[in-house]
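Reading through the structure tokens given below for one structure.
Labels below follow one simple rule: chain letters A, B, ... track the order of the sequence lines, proteins then strands, and each chain is numbered from 1.
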2 protein chains.
Amino acid sequence: MQYVEGYENLVELVEHGDAEGLKAALNAMPSADVAEYLDEHFEVYNTLALMEMMEPQQQAEVFGYLRPTHQQEVASHMELSLLAQLFRDMSSDERADVYALLDLKLQDALMRRLARSEREDLLRLVSYEEGVVGSVMTSDYATIPVGCTVEQALKKLRQSAPEKETIYQVYVVDAQHKLAGVVSLRQLLTATPHEQIDDLMTVDVVSVNPDMPKSEAARIISRYDLIAIPAVTNDNLLVGMVTFDDAMDVVEEEDTDTMHKSATVGKLEASLRDASPRTLYSKRINWLVLLVFVNIFSGAAIAYYEDTIMAYGTLLFFLPLLIASGGNSGSQTATLVIRAIATGDIGKGDVLKLFAKELLVCFSLGLSMAAAVMVVAYFRAPEIMLVIGLSMLSIVMIGSLVGLLLPFLLKRLGWDPATASTPLVTTIADATGVMVYFSIATAILGLALG
Amino acid sequence: MQYVEGYENLVELVEHGDAEGLKAALNAMPSADVAEYLDEHFEVYNTLALMEMMEPQQQAEVFGYLRPTHQQEVASHMELSLLAQLFRDMSSDERADVYALLDLKLQDALMRRLARSEREDLLRLVSYEEGVVGSVMTSDYATIPVGCTVEQALKKLRQSAPEKETIYQVYVVDAQHKLAGVVSLRQLLTATPHEQIDDLMTVDVVSVNPDMPKSEAARIISRYDLIAIPAVTNDNLLVGMVTFDDAMDVVEEEDTDTMHKSATVGKLEASLRDASPRTLYSKRINWLVLLVFVNIFSGAAIAYYEDTIMAYGTLLFFLPLLIASGGNSGSQTATLVIRAIATGDIGKGDVLKLFAKELLVCFSLGLSMAAAVMVVAYFRAPEIMLVIGLSMLSIVMIGSLVGLLLPFLLKRLGWDPATASTPLVTTIADATGVMVYFSIATAILGLALG
């Protein structure tokens, strides 16, 4: 089946009342697809009815994929015993995410239905704050004890496989549950049955700490091409595991935040579709108003040169294109630098080399654009050709320098470099551009008027 | 070992001439880290000497992680027989990537050293164009024949494991190498030895086509949380596999492109660090010059209203902040919409709802900003307070609408929505903003002058 071909339409099956076909389709479809259908087409009661037709494992997976708002609604309308069963079947990290969405009363009722070990696990996972490794890690990792043989390890994996999120990375733990090493299922499968795990395992395990930023764990997983990474405390106690699919979600979320930041939109907890108008407003208004006040500098600069402008009204014609060019080339540079810092493409030693290269590039860009705009000036106002050309070159170079230095400056100050958003760079470039343009004009034209 | 603790410093070991320690360190370190050290600290000849100290598998992995420019240099200075051996040890997709970097003479010499099957595989993989699934897929996938038992399957996997990129997803193929189904190693391990693969395997395999865009394969892998996805031709012939780590790289690359595009920077083949000044220039100049000419409209609009401006010079003070606000709110909206389209957060049915929500948000933003700017006007030029407030509201709403509609329009035209870059949205918002501002000013002040 090619992904693009799509599936039978659940909505149609529901409308035709074909219970058997519906049941078969629900259980055969990938759970991510079922969840999307439910999110798009079905209200709470329909979703509940359809979920009852699924096998427990499929039910738990589909529920885990539902949109948070939908999860919340479904959970609060579900019979408590069924919800508790669903919770038991879910993976520990998704369970913790859903639990955090419920109201206190429901959380409490649910807790009382869980076994003690599940309860403790859940409480531990929900205790981590948003954004750290602990908030995305699962406790459904596979372990084997130090000192066992390959045969014993395989036997244990076979038995515990159904509850584990992955059995492809297996953590070797001592009696205190400290991480002693890691073996892959591939290694176990190709080893001889009586080989000792202690001889086989990798002792230098790449691991993370549950209090690290989750984005860091994601970058490590991506860097080393890992299926999963163990989370250990400072005294090497194994407390969780982050899998590659969680890492992918983290990277996507982080990239969304960075892109939004590049346009001065604050961090959205929900998707654009789910975000309320009120939230969207509050994530956008602060920077917009702040930038208005920064733009007053541009206005003040224009007002300061009002005499020059009144004498040479034609200078105004060129104002937008000169000013915008500084902002545009600045935002190009800033975006290149911010992304390179985020992906680790720029190290410490590279700044000077980068600076020299950027200067060369900007100078060439400035010259080309000066040439382009001088052609326009030749036809419109040949007497200010030189002013326009010189201004363009200066403004493009200044804009690019702002775009280059601002991200590094912010980083030095401990801020996210992405705060050097396009609007901020543009605004700074605008204000300096106005001053540069009119001071060049005043100097050159003042001289010519002499 | 926590990632942050770092490793022994290879550079130091090299300086101390500690051959044994160096050899041990090189083979124990994760290959991604060794490659980074070599990239940062060592020239070609040093790299060659150090690579000779590594075991073949580590050598192949480290080489695969090196920066392309470094790979190219190392390969062209390597003895041909060693390079051929290295090629044999590399995974098929990385081999194809490196091969494409070499000059024709070296490609030719290398080809003649490879066995026929390797040669054919290599030629097939390099034949796919950049950007499609075929260019990132590997042929080192694990297969088992239809009709075999679990026991036979496990035996085959054990034998073939060393050459395979993953054995956690196993493809079941018929005599024509058509894909009949997929089983996971987890399934195989928990099944009974005499169970038939045909009963166990999943028949509805989520697969991709080698000619699909690679970004689509990455999104599918991420959506279904897959370790690997098979690539099949239209007649269901299994030709390759894309693994989750390649998907992560694809997502990162795509996101980099989108971010660059958001600032009108063209697609960079190399990283910012490796890109030549000439390349950077050529990826930036086109849009910069194009936008200069679009900005002429703003200039023309200002020139058109020169009389109004000369009569009310103080209008100029407010020009930058009004104009910039339209661009800023427009770029916020455009970025939100572009990212939501890219991550699949907006479907077809959502456009109208989104439109209504955005109108509400923009109206509120516009009102707040009008209020803010009218306070400024009250102190600076109370006679044009109304002009400024009305203009702000209109400009913010128009800017947001441009940011909302442009991505959808571009998508409809078959372009990448990300082409609605911040500079483009800003430029369009600028030109309309100038016209709106001065026509409101002319109307209201003209009336007042009446």
Side-chain angles (χ1 to χ4, degrees), chain A residues 1 3 30 32 158 161 167-168 186 189-190 204 206 220 222-225 244-245 248 255-256 259 263 265 271-273 277 280-281 284-285 288-289 291-292 295 298-299 302-303 306 313 316-317 320-321 324-325 328-329 331-332 335-336 339-340 345 350 357 360-361 364-365 368 372 422-423, chain B residues 1 3 30 32 158 161 167-168 186 189-190 204 206 220 222-225 244-245 248 255-256 259 263 265 271-273 277 280-281 284-285 288-289 291-292 295 298-299 302-303 306 313 316-317 320-321 324-325 328-329 331-332 335-336 339-340 345 350 357 360-361 364-365 368 372 422-423:
Chain A
M1 167 199 64
Y3 169 73
R158 268 195 204 96
I167 55 165
Y168 300 143
R186 186 202 283 244
L189 203 70
T190 50
D204 285 336
V206 178
I220 297 173
S222 161
R223 175 184 171 93
Y224 297 111
D225 297 339
F244 73 93
D245 49 314
M248 276 192 184
D255 286 344
T256 298
M259 287 189 202
V265 178
S271 66
L272 177 58
R273 182 158 62 174
L280 286 172
Y281 171 87
R284 295 173 56 171
I285 189 68
L288 283 183
V289 169
L291 289 173
V292 162
N295 266 304
S298 298
I302 292 183
E306 207 172 318
L316 280 177
F317 177 84
L321 61 85
S325 298
N328 291 342
S329 88
S331 70
Q332 284 183 336
T335 304
L336 282 168
R339 184 65 181 164
D345 182 28
D350 296 314
K357 187 156 78 174
L360 179 61
V361 173
S364 319
L365 289 173
S368 310
T422 306
Chain B
M1 168 193 68
Y3 169 75
R158 270 194 202 97
I167 56 164
Y168 300 142
R186 183 202 285 243
L189 203 69
T190 50
D204 285 335
V206 179
I220 296 173
S222 160
R223 175 184 171 92
Y224 297 110
D225 296 339
F244 73 93
D245 48 314
M248 277 192 182
D255 285 344
T256 299
M259 288 190 201
V265 178
S271 67
L272 178 60
R273 182 158 63 173
L280 285 172
Y281 172 87
R284 296 174 56 172
I285 188 68
L288 283 183
V289 170
L291 289 174
V292 163
N295 267 305
S298 297
I302 291 183
E306 208 171 317
L316 281 177
F317 176 84
L321 62 85
S325 298
N328 291 343
S329 88
S331 70
Q332 285 183 335
T335 303
L336 283 168
R339 183 65 180 164
D345 181 28
D350 298 314
K357 186 156 76 176
L360 179 61
V361 173
S364 319
L365 290 173
S368 310
T422 305

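Only the side chain of B:Leu360 comes within less than 4.5 Å of a heavy atom of chain A; its backbone N, CA, C and O stay farther away. In this structure, the portion of A:Thr422 lying under 4.5 Å from any heavy atom of chain B is its side chain and not its backbone. For B:Gln332, the parts lying near chain A are the backbone and the side chain together; criterion is any non-hydrogen pair under 4.5 Å. Both the backbone and the side chain of A:Arg158 come within contact range of chain B, with heavy atoms under 4.5 Å apart. When heavy atoms are compared at a cutoff of 4.5 Å, A:Leu189 approaches chain B by way of both its backbone and its side chain.
Between chain B and the options A:Val289, A:Ile285, A:Leu288, heavy-atom pairs under 4.5 Å are most frequent for A:Leu288. Most heavy-atom pairs under 4.5 Å with chain A: of the set B:Ile167, B:Thr256, B:Leu291, this distinction falls to B:Thr256. Taking A:Ala340, A:Ala303, A:Ser298 one by one and counting their heavy-atom pairs under 4.5 Å with chain B, the maximum is reached by A:Ser298. Chosen from B:Val292, B:Asp225, B:Ile302, B:Asn328, the residue pairing most often with chain A at heavy-atom distances under 4.5 Å is B:Asp225. Among the candidates A:Ala324, A:Ala372, A:Ser325, A:Ser271, the residue making the largest number of heavy-atom pairs closer than 4.5 Å to chain B is A:Ser271.
Residues A:Leu336 and B:Leu280 are in side-chain contact: their nearest non-hydrogen atoms beyond the backbone lie under 4.5 Å apart. In this structure, the side chains of A:Tyr168 and B:Arg186 come closer than 4.5 Å at one or more pairs of heavy atoms. B:Ser331 places a side-chain heavy atom less than 4.5 Å from the side chain of A:Pro423. Contact annotation: the side chain of B:Leu365 approaches that of A:Tyr281 to within less than 4.5 Å [non-hydrogen atoms, C-beta and beyond]. Side-chain contact between A:Arg339 and B:Leu272 is absent, with no heavy-atom pair separated by less than 4.5 Å.
Between B:Pro30 and A:Val206 the shortest heavy-atom distance is CG-CG2, 4.3 Å. Listed here is the closest heavy atom pair of A:Val361 and B:Arg284: CG1-NH1, 4.2 Å.
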